[in-house]
Structure formats: structure tokens, C-alpha cells
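To start, the structure under review is shown below, and the notes come after it.
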Amino acid sequence: MNTKKMVNNCKKKRAALHNLGCKVNAYETEAMGKMLSDAGYDIVSFSEEADVYVINTCTVTHTADQKSRQMISRARKKNPDATVVATGCFVESSKKRPEHADIAIGNNRKAELLKLIEEYEKSREPIEVFTDDNLKDKTFEPLRLSDTADHTRAFLKVQDGCNRFCSYCIIPFARGPVRSRAVLDVMDEAKALTKKGFKEIVLTGIHLSSYLDEGHDNADLSDLIKALSVNPEIKRIRLSSLEPGIITRDFMEKVKDVEAFCPHFHLALQSGCDETLKRMNRRYTTAEYKAACDLIREYYPDAAITTDVIVGFPGETDEEFERTRAFIKEIGFYELHVFKYSKRKGTKAYDMKDQVDENKKNERSRELISIGKELSKEYRKKLMGSKEEILTEEPENINGTEYYTGVTKHYVKMAVSAEGRERNVFYDGIVKEFLTEDILLLQT
Ligand code: SF4
């Protein structure tokens, strides 16, 4: 299809996009924004009047469902004549076109966005396309992002789908089975991203640990990292969320010599109690999780290990929660993301007995958030006086002074004086003090 021609015919149109949810969604929203701007649309803010609105929805919690509906109806209110497109996990898992949306696009059909808008605008007949019938061959959806140059860190989606079926999670239903992007294709996009000035690449996926390119000698995630490391323009390679099972000696041996590899491991824990993990259908024990952390620290003694934890999972007794609390302290995470369990229809845990009272969930959540803050501070304190390097992202005024902030390889946020400095540049220096609770001063 000649996309330029499509918009020229309609005179310069305006499109607005809104993203909800995870890094993978954010990547896809950017990719759809790029498709629209390549087709000649002006991309405007979601609060402005536009001809086309695209809402990339999320369904990870009830609140995410609600927000997805709200944003769709907000778009409709903003311009009753606009073409409103709803896509993403909320749409895919409900297999229904949400109220106020003209077009519903399933998760593996987003690449068809322009074609579907054109179809709709010709007929004004509502359109619904979902994933199932299109996913038989389990191919990776060809959405690409290479030309987006607004950030210093590029998220590169290399994997989609999940086969794990954790008992609380709707994602395998919304995203479908595991599929991976070919190594050569990832290298290609990474090259295009570095040409645009990106120095840091974050490999993302719904279940990144499942990455496998059978057509490239069964390349797994560590092989992909090695393959990317041959490009000297990629200065940092970061990974998004991982499962502890991926941390093997073989994996660590492969990445240890990759200079660009960031020793920041987000290892999803969810619970520090074996009985709870079993009910969650997580396929590891706390002993295995601990062994993974020990192995990471054998290779990178100061590795930043971060995690997600769910509190108030059905049947979580005070004693079980206590085990989680103790385990978190034992591991000594750098950052802890705490989620309160929320029921998702269509999952196993929805019907589990002994659902935990909301007050109890709040109490447990507060307790873990506070432990998380302490652990994070401890981790940062240890950096005092050491030499660190950040890649500058945004200018920020902190306590009346202008700084550039950025993160270290370990994902610790630091700031350098803005004087004579620029965005997207590496600066090193000595860690001096806490500027705020979350930002350290780097004296260059
Ligand atoms: S691993 Fe579990 S929590 Fe993660 S996406 Fe798959 S089913 Fe959901």
C-alpha cells in the first residue's frame, strides 16, 4: 500500500496515541506512531483533537482494564468523528471491540494498522481483527521502531507471548504462544537504532527468558547478546525482566566478556515462600532463586538485582508472608516492585479459595515497600566514593540547580551538573552524596 498517498489524499491528518502497560506495549505504541508518521500523519498529544486515536490497552489488573476503557471513551469525547482504534492485551483477551472504539486490533495484527484505518474510513463499518486465526505459524509480528530518536535508551522487542500460565496471569491468553524475532533481524534493527544515535539497547519481551531463534543454530538470549556485542556502536545492552531459570553457568560464561552488558538483573520473584510459588504455578523454588542470585554475584559481585513481588495471593497466610519478607531481606535486592494481587477472570487463581482481605494486602504492601526502600538505600550508600559512569538523559532542576540525570550500567540514577554538558553523552565521576532520596550526585 502506498501509505504516503493514503494521507495526502485525505490532507494532512492528525493522529494521537496512548500507551498503557508494560515496556513491550510502549515499544509497540512507538512503532505504531512511527507507522502513522511515515504515512504522513502529524502525531499530536493525546489531549489534542485528532483524526485518529490509537489506544494500546493493558489487562494486567482490573485497574488497567478500567483505564483502557477510560482512554477509549476520552478519545471519543475529544472528537466524536475521529477513528478510534483500540488494540493491545485488554482488547485481545476480551476478544471484543470495546465501546466507543471503531476498530479493535488483536495483539499480533498491529502491523495492519494503516490498512485497517483505510478500510474503516472507506466503509465506516466497525472492524474487529484478533490474533488466533493469524497465529498458527507463530511468526513474530513485524513491527519495527528503528527511526524513533526521542530517547537515549531504545527498547527493542525481541520476543512475544508466554507459555508459562502462572495461575494469576492473563498474559498468555492475551499475547498467545512464545515466538522470537530472528537474530539477524534484531541485529539489523539494533544497527539502525545506533545510526539514529542510541547508545543503550534494552532487550524486551513478554517472557524474554524464552527467547530462541531455531533458525540461527538455536540461539538463546545469551547468544543474542553475544551477536549484538559485535556492533561497537552499542555501548550498553540491558535486559528487561527475566526468570531465575535462565541464570545458568553457561549463560553467565557467555555474557561475562561482553563489555556492553549491564549487570542489572530484573529477576521476577513474586513470592519468597515455596508453597505460595507452587500455587502461583511459578516453576522454581526459593532455593533455586537464591542459587541464581549467588551465581550472578559470583560473576558480578556488585550486580543490581531487582524484582517484582505480589502480596495477598490467595491463601497467603501471615506465616507465608513472613517467609517472603525474610527472603527479600536475605537476597538484598536493589529495587523491589510490590504489587497487590488482583483477581483476573479467566485465570486459575480467580476461583482459588482463601482470597486475602484488601486491608491485609495494603498492610503487607506497605511493609514490603518500606523494606524495599531501605534495601535500595543500602545499595546506593555502598556506591559512595566509587567511580561511576552515566549516560545523560534529561535536564532536571534539583533543589534549584540544573543537572543532567541518567543511569549507571547498574541502573542507579545519578546527576551531573548541567553546565557544559549534553544529553546522550557518557560522563564519569565520583559518587559524592544523595541529592534526593533517589538521585546521587556524580562529581566529575
Ligand atoms: S511468566 Fe507468568 S507472569 Fe510472566 S507473562 Fe508468563 S504467565 Fe504471566
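Indexing begins at 1, ligand by ligand and atom by atom, following the structure's order.
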Would you call Asp354 and Arg279 a salt bridge, taking side-chain N to carboxylate O under 4.0 Å as the test?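 No.
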Side-chain ion pair, Arg323 and Glu320, N-O less than 4.0 Å: no
Report the C-alpha separation of Lys157 and Glu28 in whole Å, then their side-chain angles, then the decisive distance to 0.1 Å, and conclude whether the salt bridge (Lys or Arg N to Asp or Glu O under 4.0 Å) test is met. CA-CA 8 Å; Lys157 183 181 150 193; Glu28 293 172 350; 2.3 Å; yes
Residues with a heavy atom under 4.0 Å from ligand 1, by chain and number, are Cys162, Arg164, Phe165, Cys166, Tyr168, Cys169, Ile171, Pro172, His207, Glu243, Arg282
Give a yes/no verdict on a cation-pi contact between Lys235 and Phe198, requiring under 6.0 Å between NZ or CZ and the six-membered ring centre and an angle within 45° of the axis. no
Distance under 6.0 Å and angle within 45° of ring axis: Lys256 vs Tyr299: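 Because its charged atom misses either the 6.0 Å distance or the 45° angle limit, Lys256 does not stack over Tyr299.
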Would you check, one step at a time, whether the test ring-ring contact (aromatic ring centres under 6.0 Å, His included) holds for Tyr27 with Phe155? CA-CA 6 Å; Tyr27 171 90; Phe155 291 93; 8.5 Å; no
